[in-house]
Amino acid sequence: MTELHLWLRHEVRTTERRTPIVPSDARRLVDSGVTVTVEESPQRIHPLQEYEAAGCRVAPAGSWVSAPPAAVVTGLKELPDEPAELTHRHVYFGHAYKGQPGAGDLLRRFAAGGGALFDLEYLVDDSGRRLAAFGFWAGYLGAALAVLQHRGRLAAPLTPTSKDELDAGLRPVAGDEEFTALVIGALGRSGRGARLAFLSAGVEATPWDLAETRDLDRRALLAHDVLVNAVLATTPVPPFLREQDLDAPDRRLRTVCDVTVDVGSPLNVLPVYDRVTEWTDPVRRLRARPPLDLIAIDNLPSLLPRESSADFSSALTPLLPAFGTDGAWGRCLDRFHRAQRELGIKSGGVEG
Ligand SMILES: NC(=O)c1ccc[n+]([C@@H]2O[C@H](COP(=O)([O-])OP(=O)(O)OC[C@H]3O[C@@H](n4cnc5c(N)ncnc54)[C@H](O)[C@@H]3O)[C@@H](O)[C@H]2O)c1
């Protein structure tokens, strides 16, 4: 068996400070015989020196393109547009299997170079459950931003922060009015995070999951002041909110945070808006009187880069020494080949 060489790349997106492998976990990998090369990266939450001290090799930003062919290039978000041919095996979130913009081009780049995508979203156990995910912190942030907005304390633009700083802002202060909150998808990762953030703000949220939405009571939903949607929809269900619900005369609902952000998808349970909101402008007013504000940010965990990286890394690291074509990694590779076949792309390189 050849020794595993992981190559932790720099992220091209300048706001992306997270990393899939934190230095303490990199040390565990090195100690278990894995070679770990870490690229310089000005924005990564952990400085390069921490990885060096953990026994990792270092390399310039973007040098993965000339990494040894057997290196497994590891990251989180999109690759740069060049090179046109991807020759390595890549581990990251490719967002390329649901017809997303650019998906076909990316899969063709892999086919052209003979490389392969091991998409972290599809790294699942044999019952299909995700093995490493950022959901908890997405939910935590989503609820935290909703609380801050509801209390009139959300400052834009949003910038990455720490949990301590965030929690300090969540604590109720004199003059804060009490409010009610509802979390849908409450039993999932994001839902649990959202409920904990509400507790940090002194609010016990109503938890709804599949059982409570099967026969949806929209009046009960609209009777809450704040809603966090954290469902992972896999089949279409009747929407939780429709345009006419926003104009219901007895609506108490004032603040919505859609952690799920399935905007534009047939699975969208909140089809009352048509584009995400951004760090620069996190809140969109959907109704003026009475007000209804929406937060729909699709990269929430990046706002807590240290905590979310540590959490993700602790789930991913134990799986990495077994990297290959079997088990969960084999399922990832099969999914990649299926996506290529679905687009009529002839795949080369790594066999599943
Ligand atoms: N905005 C962001 O930055 C961000 C980051 C990470 C994840 N997400 C998204 O958050 C969502 C939740 O992710 P997760 O990791 O918590 O998933 P999860 O699988 O851990 O939990 C999803 C929960 O939703 C529930 N659910 C599904 N359909 C439902 C319905 N119709 N009614 C009520 N409950 C329902 C499930 O039973 C489950 O408890 C996903 O769509 C994910 O893509 C967003």
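Whatever order the structure lists them in is the order used to number ligands and atoms, beginning at 1.
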Handout entry: Ring center gap for W64 and H90 short of 6.0 angstrom
Key =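 Close enough - the centres of the two rings lie under 6.0 Å apart.
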
Handout entry: Ring center gap for F323 and F118 short of 6.0 angstrom
Key =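 Yes: the rings meet the under 6.0 Å criterion.
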
Among all protein heavy atoms, pick out the one at the shortest distance from [atom]; state its residue, atom name and that distance to 0.1 Å.
atom: atom 11 (C) of ligand 1; result: V231 O, 3.4 Å
atom: atom 21 (O) of ligand 1; result: G188 CA, 3.1 Å
atom: atom 32 (N) of ligand 1; result: T213 OG1, 2.6 Å
atom: atom 3 (O) of ligand 1; result: L300 N, 2.9 Å
atom: atom 15 (O) of ligand 1; result: R189 NE, 3.1 Å
atom: atom 6 (C) of ligand 1; result: A138 CB, 3.6 Å
atom: atom 27 (C) of ligand 1; result: L232 O, 3.2 Å

Problem - From CA spacing to verdict: side chain to side chain donor-acceptor pair (under 3.5 Å), T35, E3 - result: CA-CA 8 Å; T35 301; E3 190 193 86; 2.4 Å; yes

Handout entry: A230 to ligand 1, any heavy atom closer than 4.0 Å
Key =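 Yes, A230 has heavy atoms under 4.0 Å from ligand 1.
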
Handout entry: Identity of the nearest option to atom 28 (N) of ligand 1, non-hydrogen atoms only, from L210, I184, V259
Key =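 Among L210, I184, V259, the closest heavy atom to atom 28 (N) of ligand 1 comes from L210.
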
Practice task
Measure from atom 13 (O) of ligand 1 to every heavy atom in S190, A296, G139 and give the option owning the shortest one.
Solution key: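 Among S190, A296, G139, the closest heavy atom to atom 13 (O) of ligand 1 belongs to S190.
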
Problem - Between Y140 and D167: side-chain donor-acceptor atoms closer than 3.5 Å - result: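 Indeed, the side chains of Y140 and D167 share at least one donor-acceptor pair under 3.5 Å.
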
Problem - Beyond-backbone contact of I297 with V276, side-chain heavy atoms, under 4.5 angstrom - result: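 When only atoms from C-beta onward are counted, V276 and I297 do not touch, as no gap falls below 4.5 Å.
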
Practice task
Measure the shortest side-chain to side-chain distance between D25 and R28 over non-hydrogen atoms and say whether it is less than 4.5 angstrom.
Solution key: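 In contact.
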
Taking non-hydrogen atoms only, is [X] closer than 4.0 angstrom to ligand 1 via side chain, backbone, both or neither?
X: A186; value: neither
X: F240; value: side chain
X: N299; value: backbone
X: I297; value: backbone

Practice task
Report yes or no: do L145 and V261 belong to one cluster of Ile/Leu/Val/Met/Phe/Trp/Tyr joined by side chain heavy-atom distances under 4.5 Å?
Solution key: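 Hydrophobic grouping puts L145 apart from V261.
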
Practice task
For the pair Y97 and Y122, name the ring-plane relationship: parallel under 30°, tilted 30 to 60°, perpendicular over 60°.
Solution key: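 Taking Y122 first and then Y97, their aromatic rings sit tilted (interplane angle of 30° to 60°).
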
Handout entry: Axial cation check for F134 ring with R18, 6.0 Å and 45° limits
Key =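 Positive - R18 is close enough to the ring of F134 and near enough to its axis.
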
